[in-house]
Student: 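The structure follows.
Note that ligands are numbered from 1 as they come in the structure, with each ligand's atoms numbered from 1 the same way.
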Amino acid sequence: MSEPLITKAKEILNGNYREPGFTLPSQGLYPFQWNWDSGLIAIGYANYDMERAQNEIRTLLDTQWKNGFIPHITFHRESNTYFPGPKFHQASLHPDATTRYKTTGMIQPPVIGFVLKELLDRAQDKKGALEFTRKVIDKVYENHLYLYNNRDLLGEGLIYIFHNWESGTDNSPIWDTIWETMDSPRYTFERRDTNQVDPSQRPSNREYDHYLALIDLAKKYRYNDSKIAEHSPFLVQDPLVNALLIKSNQSLIKLYQICGFGEDKIRQLEKWQALSIANYESKFYDEDLGAYLHYDLRNKRKIRMLTSSSFVALFAGIPGAKRTSEIAGILEQRFGGEGLYLCASFDPEGERFDPKRYWRGPLWINVNWMLYHGLKSYGINKLAEQIRSDSIEVVEQNGFYEYFDPRRSIAKEGKGGYGGSNFSWTAALYIDFILRES
Ligand code: GLC
């Protein structure tokens, strides 16, 4: 049953592969290199082509700025199918920006630390993989140093984002609560995404006004982090971004130990780790909702809505035993109710739940992959297996889409695949779900 789809998945990755060594997420819709996509795609490659996996990471790390920052998109070539491109972003306004590539001036969830560990775990040639790790690990450390030095406003070990595109969950209803505080100008521009995907599955024009206004604000301050932190109406501590930073810290500690160097770095990572975990627990956890929430740093309030990001702490090993069973219970009952595939990106009981639109309801294979591994690490095997088999089933019934309708009735008929098609991380993590776990 699965064998032919493995071949198809590999063909998708092959078709999306570009020089100088990166895999675009989906042709037309996303024609460049995206940061966390590259990391997750590399995990898929690591099951059958380690050289590609390493190249993907090498190319990404090559885009790093002088200050350790790693951009969310690198525009390796021109394209007229995507807006906003490099001319709008103007990331070169920042004095430390790379002069070798055109990039954006924002981050994405910091996955590369844990990805390095995943690659090593999957390597047949351990010696070669270790050599690769030794060569690149300091760059990832430098990236964490950048994040803690520039994005941890209160010195509490929790980094902020200033744009929804930094979160990875670009169109979550969470951001509605920020848009309500903004009075963005109305921009005149041509949407390119809706030429390729049904507009009912994409953000609205008004939302794009806010996205562009935030980039204009960053440009006004030449992408200077402290100025942005002072002036941006969007300043959020995100539970997915911070969980992945914590997960990556953990992997870096292990990897430095395996490599046998970087003692001072291990000590620093351990310090960050203790602070980040303690404050993650105390600031994000919500007793009433039984999971971790986003914190709006600008307006000093928790954003009281559940999303799939509320559970990613499991992947980073953050919660203790009591909280873990509370969280797993909410995940199972509220997100895995009758007729639903796990795991919807937004609370299926929430008013703003929309099973078709982007991050407002559909399930995503990348988050499912993290939840699966998180649950497994706590020994919550039945729920973990359900997430894995749901992920495999939606792909096999609908194809390698960007996101999927969580309603079983729709997805079972093969009508539940939305957004970009031949989507790279869906293909890569499908491969990992099948090959790694069998
Ligand atoms: C969308 C997703 C983002 C992803 C990008 C490329 O914008 O929200 O997380 O990185 O597509 O796949």
Student: Parallel under 30°, tilted from 30 to 60°, perpendicular over 60°: which one fits the rings of H294 and W175?
Tutor: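 H294 and W175: perpendicular rings.
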Student: Go ahead and list the nitrogen or oxygen contacts between ligand 1 and the protein that come in under 3.5 Å, distances to 0.1 Å, or just say none.
Tutor:
unit_1   : atom_1 : unit_2 : atom_2 : d
ligand 1 : 7 (O)  : D170   : OD2    : 2.7
ligand 1 : 7 (O)  : Y358   : OH     : 2.9
ligand 1 : 8 (O)  : G168   : O      : 3.1
ligand 1 : 8 (O)  : D170   : OD1    : 3.0
ligand 1 : 8 (O)  : D170   : OD2    : 3.2
ligand 1 : 8 (O)  : W359   : NE1    : 2.8
ligand 1 : 9 (O)  : W36    : NE1    : 3.0
ligand 1 : 9 (O)  : G168   : O      : 2.6
ligand 1 : 10 (O) : W36    : NE1    : 3.1
ligand 1 : 10 (O) : D37    : OD1    : 2.6
ligand 1 : 10 (O) : Q108   : NE2    : 2.9
ligand 1 : 11 (O) : Y30    : OH     : 3.3
ligand 1 : 12 (O) : D37    : OD2    : 2.7

Student: With a 4.0 Å cut-off, would you call R122 and D432 a salt bridge?
Tutor: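 Yes, this pair counts.
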Student: Have E396 and Y430 got a donor and an acceptor in their side chains that come within less than 3.5 Å?
Tutor: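 Short answer, yes.
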Student: Assess the residue pair Y101 and W65 against the criterion (ring pair (Phe, Tyr, Trp, His ring centres under 6.0 Å)); give the C-alpha distance rounded to whole Å, side-chain angles, the decisive distance to 0.1 Å, and a yes or no.
Tutor: CA-CA 10 Å; Y101 300 98; W65 295 8; over 10 Å; no
Student: Between W369 and F315, does a ring pair (Phe, Tyr, Trp, His ring centres under 6.0 Å) hold up when you go through it step by step?
Tutor: CA-CA 9 Å; W369 183 91; F315 179 57; 5.8 Å; yes
Student: By the ring pair (Phe, Tyr, Trp, His ring centres under 6.0 Å) test, which pairs, at least two apart or in different chains, include something from residues 35-59?
Tutor: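 For residues 35-59, and leaving out neighbouring residues, the ring pair (Phe, Tyr, Trp, His ring centres under 6.0 Å) pairs sorted by first residue read W36-W425.
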